Amino acid sequence: MSTGVNWPFRSAPGSPVIERAAGNYLIEPGGRQILDAAGGAIVANVGHGRERVARAIYEASKDTTYVVPPWVTPGRARMVESLERDWLPAHLSRIHVTSGGSEAVESALKLAVMYHAASGRPEKHKILSRTISYHGTTIVAATVSGHPARKAGIAHALHENPKAQTPYPLRCPLGRHHPDAGQYYLDDLRALIEAEGPETIAAFIAEPVSGASGCAITPPDDYWPGVARLCREHDILLINDEVMTGFGRCGRPFGHQLWGIEPDILIGGKGLAGGYAPLGLVATSEAIGQAIEAAGYQVMFHTFGAHPAACAAAAEVLDIMVEEDLITAAERQGEALQSALSERLGQHPHVAEVRGAGLLRGIEVVADRDTLEPFPLEAGVTNCIVQEALDRDVFVYGGGTGEVRDMVLLGPAFTVSDGEIDQIAEALEGAIDATIAAVA
Ligand code: PLP
């Protein structure tokens with residue numbers, strides 16, 4: 001079998017070749033089973049190999065191969081019905097469907113700028129975002145991302161936007177997990193808004209819990225309610241990028257619900273179709289939809305946005321999550337994963353923190369646990385841990401931004417068992433020990 005070396009996605013020598021995936025495992029031609037502790041790229045929320053989803057894709061492809069996005073197909077109708085009934089907060093009544101997360105981010109930012117223009121405030125067009133973040137790979141999504149490693153070679157061509165500090169309780173300048181950390185980061189955001197001029201700002205975009213850029217950095221509890229207040233006070237739209245945290249990943253339908261806030265725009269992707277098909281989602285408030293509609297602005301579709309087969313897959317995946325109560329499972333197994341990791345790694349001399357929410361968990365590795373000094377970038381600690389874990393038949397997702405490093409992200413399917421959780425924790429302990437031994 002060819003190893004599929006296609007520029008620019010050039011497989012590193014020795015990359016796994018996956019012939020089949022079933023349940024929580026990726027299976028190589030020789031039969032080796034790799035436990036998928038990252039759900040691919042934190043995507044496979046309901047696990048691999050669900051026949052009813054494959055069947056739904058087959059039926060949709062047969063019956064409604066391609067239909068322009070604004071028209072209705074059975075799969076689209078079922079998906080929207082399910083989103084409205086079981087998933088989206090009631091105030092987010094307008095839905096725009098893309099074919100991935102970056103496209104959804106671009107669309108959300110366009111909608112935010114359009115909304116203010118439609119409301120007679122075209123000067124409100126700046127987008128604020130955060131220093132440690134990832135919002136996608138297209139030019140504007142990359143611009144608003146706080147991810148130096150993923151901007152290498154293009155950073156000089158981007159018009160950087162204003163960024164507030166990402167709340168990072170472990171490394172808060174006031175002290176590790178300082179009780180005033182939330183207020184510290186809110187003050188930072190307020191200062192940025194005042195420096196830029198609130199009359200120039202359209203929106204603030206952020207992930208409720210950090211994705212791969214910060215590996216599940218979770219803000220203090222007063223942070224998100226404070227952000228929502230600041231945005232409301234200054235007529236700045238709050239955009240929650242939930243491409244990674246959405247659709248049950250954090251033990252709630254959406255991550256922002258951990259803090260009871262109401263974003264004006266919600267972005268989803270990844271878990272929406274559980275990896276069975278590519279999809280992205282932008283849901284906005286009725287007020288935003290009405291203003292843009294009244295102004296007659298066109299919200300252009302992507303040719304493959306809301307593809308009929310992808311929507312049919314999503315409808316099936318969303319039903320599975322409800323029928324099997326998988327959001328509750330994500331919350332429960334997330335706690336179990338945190339406990340298993342803490343038990344093995346909580347006192348490890350090179351583990352600074354095990355953190356996260358639901359089944360989005362991150363582990364940060366440092367040279368010195370007391371000072372939080374990281375290993376040198378050249379040591380390549382993250383890649384080494386990922387490889388060592390893979391050698392132990394467990395796939396974990398390497399994270400960090402280069403500046404912020406050595407961390408891995410875990411995001412297994414919500415069906416992950418207690419035994420599989422033990423396997424993940426054991427493999428990670430071995431992988432970290434082997435990496436430290438190699439680096440030392
Ligand atoms: N936003 C967040 C929070 C993400 O984690 C990602 C991808 O990892 C994206 C946006 C971009 O999504 P995609 O890779 O589907 O374009």
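If you're wondering where the values come from, they're calculated on a predicted model, not measured in any experiment. Both counts, for ligands and for their atoms, begin at 1 and track the order of listing.
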May I ask you to check whether over 12 heavy atoms, not counting those of Tyr58, lie within 6.0 Å of atom OH?
no

I'd like to know if the side chain of Ser129 and the backbone of Val144 have a donor-acceptor N/O pair within less than 3.5 Å.
yes

For Thr328 and Glu331, test the side chains for any donor-to-acceptor distance below 3.5 angstrom and give the result as yes or no.
no

Heavy-atom side-chain contact between Arg171 and Glu353 under 4.5 Å
no

If you draw the axis of the six-membered ring of Phe375, does the NZ or CZ of Arg405 fall within 45° of it and under 6.0 Å from the ring centre?
no

Put together the list of close N/O pairs, under 3.5 Å, between ligand 1 and the protein, could you?
unit_1, atom_1, unit_2, atom_2, d
ligand 1, 1 (N), Asp241, OD1, 3.2
ligand 1, 1 (N), Asp241, OD2, 2.7
ligand 1, 8 (O), Lys270, NZ, 3.0
ligand 1, 12 (O), Ser102, N, 3.4
ligand 1, 15 (O), Gly101, N, 2.9
ligand 1, 16 (O), Ser102, N, 2.7
ligand 1, 16 (O), Ser102, OG, 2.6

Asp187 meets the salt bridge (charged side-chain N to carboxylate O under 4.0 Å, His left out) criterion, sequence neighbours left out, with none

